[in-house]
Chemist: 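First the structure, then my questions, so here it is.
The structure displayed is predicted, hence computed values, not measured ones. Just follow the structure's listing: the first ligand is 1, and inside any ligand the first atom is 1.
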Amino acid sequence: MKVHRDINNLPAFKNAAVTIGTFDGVHTGHLQVIHQLKKEAEINNGESVIITFDPHPRMVLSRNQNRPSIQLLTTLSEKTELIARENVDHLVVVPFTLEFSNQTAEEYISDFLVKKFNPTTIIIGYDHRFGNNRTGDYRLLEKYQKEFNYVVKEIPEHVLNHITISSTKIRTSLQKGDLETAKECLGYDYFFEGEVVDGNKLGRTIGYPTANLEIKNKNKLIPENGIYAVTLEIGGYTQNDGSAFAPQSSHKGMMSIGVRPTIEDNRRTIEVNIFDFSNDIYGKIVRVYVKYFLRNEEKFATMEQLKNQIYRDEIKSRNLLK
Ligand SMILES: Cc1cc2nc3c(=O)[nH]c(=O)nc-3n(C[C@H](O)[C@H](O)[C@H](O)COP(=O)(O)O)c2cc1C
Ligand SMILES: Nc1ncnc2c1ncn2[C@@H]1O[C@H](COP(=O)(O)OP(=O)(O)O)[C@@H](O)[C@H]1O
């Protein structure tokens with residue numbers, strides 16, 4: 001898959017089948033659209049093209065500055081990785097700016113879609129809106145089919161409902177530790193990445209060193225506080241803009257997300273104890289696959305009691321991850 005980030009420097013696409021969307025999470029609902037896109041491209045012996053926006057349009061258009069920042073299931077690089085797995089030919093990442101959003105719907109069709117992609121087929125949700133004040137829709141695209149020599153195809157309501165329901169379901173499931181439902185909708189184990197940073201150096205004193213993870217992307221959704229059994233990969237980014245994670249080794253472990261009431265730290269931390277492992281990995285990137293929710297975090301009277309509980313967590317995790 002080729003990824004394009006400069007929309008003024010795009011190749012000439014061949015008989016392109018094009019679809020437009022945010023594809024947050026690239027979940028099973030999105031895969032239906034991607035499969036339809038690939039089928040259309042095949043029929044016309046052409047290339048499949050996904051157009052997506054970065055940052056998320058809602059981050060640019062949202063007027064209320066006090067609104068909590070949106071929680072996304074995937075960062076751009078994760079989304080890119082997941083779409084690449086589907087063997088789409090091109091992913092075009094359009095920098096979403098106010099200027100871009102202010103194009104009229106007609107300009108969006110003629111200057112953006114037609115001029116830059118020369119599409120054979122455009123696949124679009126029945127309720128998709130574009131252009132300033134959201135005046136462009138499926139009907140308008142239909143109106144210009146002949147003039148610009150493309151065919152527009154609709155993603156029907158039931159498919160889109162499924163996509164919306166899936167996204168919401170995944171978010172709420174992750175926010176209450178229901179990983180089974182999240183996985184069912186996503187089609188994969190939810191994952192996130194963080195850099196290993198310094199903690200309080202207490203972990204090693206109770207026999208459970210924990211790599212403390214700092215999440216760079218503030219919009220990435222982090223699951224509900226609690227203790228989890230996880231698998232993880234240790235690695236790094238191939239580019240220093242935080243894109244393209246490259247794993248170097250895979251491991252099993254357990255994770256604590258929360259405020260650690262026992263040590264009254266109050267900051268929210270994310271930390272993993274890696275099984276059968278003893279290397280120094282400060283500064284490395286860890287990708288955690290969140291597998292099983294074990295329990296809520298608890299306040300223990302002593303560190304000894306906490307240690308005993310973590311031992312029980314380890315036994316349980318090792319069993320679940322077998
Ligand atoms: C599997 C696991 C379970 C944990 N459960 C709790 C808990 O229930 N309550 C709590 O206060 N801290 C819990 N912790 C966090 C520990 O308090 C923390 O790892 C320890 O204080 C070391 O912190 P440090 O890495 O900053 O040195 C847990 C950690 C792990 C790895
Ligand atoms: N099994 C392990 N799991 C997690 N981290 C480990 C492990 N073995 C060694 N380490 C290293 O030890 C560090 C964690 O030790 P810890 O005493 O908890 O210190 P900190 O409070 O800085 O996290 C990790 O960042 C990592 O570099």
Side-chain angles (χ1 to χ4, degrees), residues 75 173-180 182-183 189-218 220-238 240 242 245-322:
T75 64
S173 305
L174 292 171
Q175 280 155 353
K176 60 178 195 217
D178 177 4
L179 298 174
E180 219 167 297
K183 181 174 186 173
D189 289 305
Y190 189 69
F191 61 90
F192 61 84
E193 289 144 26
E195 184 183 336
V196 180
V197 296
D198 282 327
N200 299 333
K201 316 280 180 205
L202 282 174
R204 62 193 72 183
T205 66
I206 56 167
Y208 286 101
T210 54
N212 290 46
L213 303 183
E214 187 177 287
I215 316 298
K216 290 273 146 47
N217 191 313
K218 295 302 166 224
K220 174 78 179 177
L221 185 149
I222 298 302
E224 176 54 340
N225 287 356
I227 315 305
Y228 298 86
V230 302
T231 61
L232 58 122
E233 291 165 342
I234 302 172
Y237 290 121
T238 53
N240 53 16
F245 173 74
Q248 285 153 0
S249 59
S250 301
H251 309 268
K252 293 173 182 174
M254 51 189 172
M255 170 172 69
S256 154
I257 303 179
V259 294
R260 308 187 291 186
T262 308
I263 61 168
E264 292 181 350
D265 191 47
N266 290 325
R267 281 174 309 133
R268 191 189 196 209
T269 60
I270 302 168
E271 42 179 310
V272 280
N273 170 257
I274 307 165
F275 296 157
D276 313 311
F277 184 84
S278 58
N279 296 349
D280 177 340
I281 50 165
Y282 289 115
K284 294 252 184 202
I285 305 299
V286 169
R287 175 183 280 186
V288 180
Y289 296 86
V290 194
K291 294 269 189 182
Y292 301 97
F293 178 84
L294 300 178
R295 61 177 177 87
N296 291 314
E297 57 172 355
E298 278 171 58
K299 183 176 172 74
F300 293 94
T302 65
M303 285 303 273
E304 188 63 24
Q305 283 172 13
L306 171 63
K307 183 180 165 176
N308 290 338
Q309 177 57 52
I310 294 179
Y311 175 70
R312 288 192 289 274
D313 296 333
E314 179 185 351
I315 302 291
K316 198 166 170 188
S317 298
R318 283 187 187 271
N319 270 320
L320 287 167
L321 296 169
K322 239 183 215 149

Chemist: Give me the nearest non-hydrogen protein atom to atom 29 (C) of ligand 1 as residue plus atom name, then the distance to 0.1 Å.
Modeler: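 The closest heavy atom on the protein side is Ser256 CB, 3.4 Å.
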Chemist: Grab the two heavy atoms, one from Arg260 and one from Asn212, that are nearest each other, plus how far apart they are.
Modeler: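 In this case the closest contact between Arg260 and Asn212 is NH1-ND2, 4.1 Å.
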Chemist: If you measure every N/O of Gly199 against every N/O of ligand 2, is any gap under 3.5 Å?
Modeler: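 Yes; at least one N/O pair falls below 3.5 Å.
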Chemist: May I ask you to check whether over 12 heavy atoms, not counting those of Glu180, lie within 6.0 Å of atom CD?
Modeler: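 Check fails, neighbour count at 12 or below.
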Chemist: Please check whether Phe300 reaches ligand 1 - meaning an N/O of the residue sits under 3.5 Å from an N/O of the ligand, judged on distance alone.
Modeler: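 N/O-N/O distance below 3.5 Å does not exist for this pair.
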Chemist: Can you list the atoms of ligand 1 that are under 4.0 Å from a heavy atom of Glu297?
Modeler: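 Counting from 1, the qualifying ligand atoms are 8 (O).
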Chemist: Checking a contact table here: which protein heavy atom is nearest atom 24 (P) of ligand 1, and how many Å away?
Modeler: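 I find the closest protein heavy atom is Arg260 NH1, 3.4 Å.
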Chemist: Side chain, backbone, both or neither: which part of Ile227 comes within less than 4.0 Å of ligand 1 when only heavy atoms are counted?
Modeler: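 The answer is the side chain of Ile227.
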Chemist: Return the minimal non-hydrogen interatomic distance between Ile310 and Met254, and the atom names on each side.
Modeler: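 Taking Ile310 first and Met254 second, the nearest heavy atoms are CG2-CE, 3.5 Å.
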Chemist: Does any N or O atom in Thr210 lie less than 3.5 angstrom from one in ligand 1, N or O only?
Modeler: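 N/O-N/O distance below 3.5 Å exists for this pair.
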Chemist: Ile263 heavy atoms, cut-off 4.0 Å: which ligand 1 atoms fall inside?
Modeler: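 Those qualifying, in numeric order: 21 (O).
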Chemist: Where the closest heavy atom to atom 16 (P) of ligand 2 is concerned, which of His251, Arg204, Met254 has it?
Modeler: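 Considering heavy atoms of His251, Arg204, Met254, the nearest to atom 16 (P) of ligand 2 sits in Arg204.
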Chemist: Using a heavy-atom cut-off of under 4.0 Å, does the side chain or the backbone of Val272 touch ligand 2, or both, or neither?
Modeler: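 The answer is the backbone of Val272.
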Chemist: If you compare all heavy atoms of Ala211 against all heavy atoms of Ile281, which two are closest, and at what distance to 0.1 Å?
Modeler: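 Nearest pair, atom of Ala211 first, then Ile281: CB-CD1, 4.0 Å.
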Chemist: Need the ligand 1 atom indices (1-based, order shown) with element for anything under 4.0 Å from a heavy-atom of Gly199.
Modeler: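 In order of numbering, the contacting atoms are 26 (O).
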Chemist: For Val259 and Asn225, which heavy atoms make the closest approach, and how far apart are they?
Modeler: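 It is N-ND2, 4.5 Å.
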Chemist: Starting from atom 3 (N) of ligand 2, what is the nearest protein heavy atom, named by residue and atom, and what distance separates them?
Modeler: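 Among all protein heavy atoms, the one nearest atom 3 (N) of ligand 2 is Ile274 N, 3.0 Å.
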Chemist: Cation-pi check for Phe191 against Lys220: NZ or CZ below 6.0 Å from the six-membered ring centre and within 45 degrees of the axis, yes or no?
Modeler: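 Yes - Lys220 lies over the ring of Phe191, closer than 6.0 Å to its centre and within 45° of its axis.
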Chemist: Which ligand 1 atoms are under 4.0 Å away from a heavy-atom of Asp313?
Modeler: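 By the 4.0 Å cutoff, the relevant atoms are 1 (C), 3 (C).
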Chemist: Quick check: Tyr208 and ligand 2, any N/O pair under 3.5 Å apart?
Modeler: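 Not met; the criterion fails.
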Chemist: Using a cut-off of 6.0 Å, state whether more than 12 heavy atoms not belonging to Tyr311 lie near its atom OH.
Modeler: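 It does not: Tyr311 OH has 12 such atoms or fewer within range.
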Chemist: Do any heavy atoms of Arg295 fall under 4.0 Å from ligand 1?
Modeler: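 Heavy atoms of Arg295 do come under 4.0 Å of ligand 1.
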Chemist: Among all protein heavy atoms, pick out the one at the shortest distance from atom 13 (C) of ligand 2; state its residue, atom name and that distance to 0.1 Å.
Modeler: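 Going by distance alone, atom 13 (C) of ligand 2 is nearest to Tyr282 OH, 3.5 Å.
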Chemist: Where's the contact between Ile310 and ligand 1, heavy-atom distance under 4.0 Å: side chain, backbone, both or neither?
Modeler: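 Side chain only.
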Chemist: Which of the numbered atoms in ligand 2 are under 4.0 angstrom from any heavy atom belonging to Asp280?
Modeler: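 Listed by number with element: 27 (O).
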Chemist: Give me the residue, atom name and distance of the protein heavy atom closest to atom 24 (C) of ligand 2.
Modeler: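 Closest protein heavy atom to atom 24 (C) of ligand 2: Ala211 CA, 3.9 Å.
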Chemist: Who's closest to atom 22 (C) of ligand 1 heavy-atom-wise, of Pro209, Ser317, Gly203?
Modeler: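 Checking each option, the heavy atom nearest atom 22 (C) of ligand 1 is found in Gly203.
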Chemist: Regarding ligand 1, does Asn212 bring an N or O atom to under 3.5 Å of one of the ligand's N or O atoms?
Modeler: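 Checking ligand 1 against Asn212, an N or O pair does fall under 3.5 Å apart.
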Chemist: Evaluate the side-chain proximity of Phe192 to Thr75: yes if any heavy-atom separation is below 4.5 Å, no if none is.
Modeler: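 No, their side chains stay 4.5 Å or more apart.
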Chemist: Regarding atom 18 (O) of ligand 2: of the candidates Ile206, Val286, Asp276, Thr210, which has the closest heavy atom?
Modeler: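 Checking each option, the heavy atom nearest atom 18 (O) of ligand 2 is found in Thr210.
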Chemist: Could you tell me which atoms of ligand 1, counted from 1 in the order shown, lie closer than 4.0 angstrom to a heavy atom of Lys201?
Modeler: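 Counting from 1, the qualifying ligand atoms are 27 (O).
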Chemist: Below 3.5 Å, N or O to N or O, backbone or side chain included: is there any such pair between Glu298 and ligand 1?
Modeler: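 Among all N and O atoms of Glu298, at least one is under 3.5 Å from an N or O of ligand 1.
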Chemist: What residue and heavy atom of the protein are closest to atom 27 (O) of ligand 2, and at what distance?
Modeler: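 Heavy-atom neighbour on the protein nearest atom 27 (O) of ligand 2: Ile281 N, 2.8 Å.
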Chemist: Provide, to 0.1 Å, the distance between atom 18 (C) of ligand 1 and the closest protein heavy atom, together with that atom's residue and name.
Modeler: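 For atom 18 (C) of ligand 1, the nearest protein heavy atom is Glu271 OE1, 3.5 Å.
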Chemist: Which ligand 2 atoms are under 4.0 Å away from a heavy-atom of Asn200?
Modeler: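 Those qualifying, in numeric order: 21 (O).
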Chemist: May I ask you to check if ligand 2 and Val196 share an N or O to N or O distance below 3.5 Å?
Modeler: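 No; the residue has no nitrogen or oxygen that sits under 3.5 Å from a nitrogen or oxygen of the ligand.
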Chemist: Where is the nearest protein heavy atom to atom 27 (O) of ligand 1: which residue, which atom, and how far?
Modeler: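 It is Leu202 N, 2.6 Å.
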Chemist: Where is the nearest protein heavy atom to atom 21 (O) of ligand 2: which residue, which atom, and how far?
Modeler: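 I find the closest protein heavy atom is Lys201 N, 2.6 Å.
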Chemist: If you have a sec, work out which protein heavy atom is nearest atom 13 (C) of ligand 1 and how many Å separate them, to one decimal?
Modeler: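 I find the closest protein heavy atom is Leu306 CD1, 3.6 Å.
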Chemist: So, Lys322 versus Asn319: side-chain donor-acceptor pair below 3.5 Å or not?
Modeler: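 Lys322 vs Asn319: donor-acceptor pair found between side chains.
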Chemist: Could you tell me whether Asn279 and ligand 2 have an N or O pair separated by under 3.5 Å?
Modeler: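 N/O-N/O distance under 3.5 Å: yes.
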Chemist: For ligand 1, is there an N or O atom under 3.5 Å from any N or O atom of Asn200?
Modeler: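 It does: an N or O of Asn200 is found under 3.5 Å from an N or O of ligand 1.
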Chemist: Would you check whether Pro261 has a nitrogen or oxygen atom less than 3.5 angstrom from a nitrogen or oxygen atom of ligand 1?
Modeler: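 Among all N and O atoms of Pro261, at least one is under 3.5 Å from an N or O of ligand 1.
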Chemist: Do you know which of Arg318, Arg312, Lys316 makes salt bridge (Lys or Arg N to Asp or Glu O under 4.0 Å) with Glu314?
Modeler: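 Checked Arg318, Arg312, Lys316 against Glu314; only one passes salt bridge (Lys or Arg N to Asp or Glu O under 4.0 Å): Arg318.
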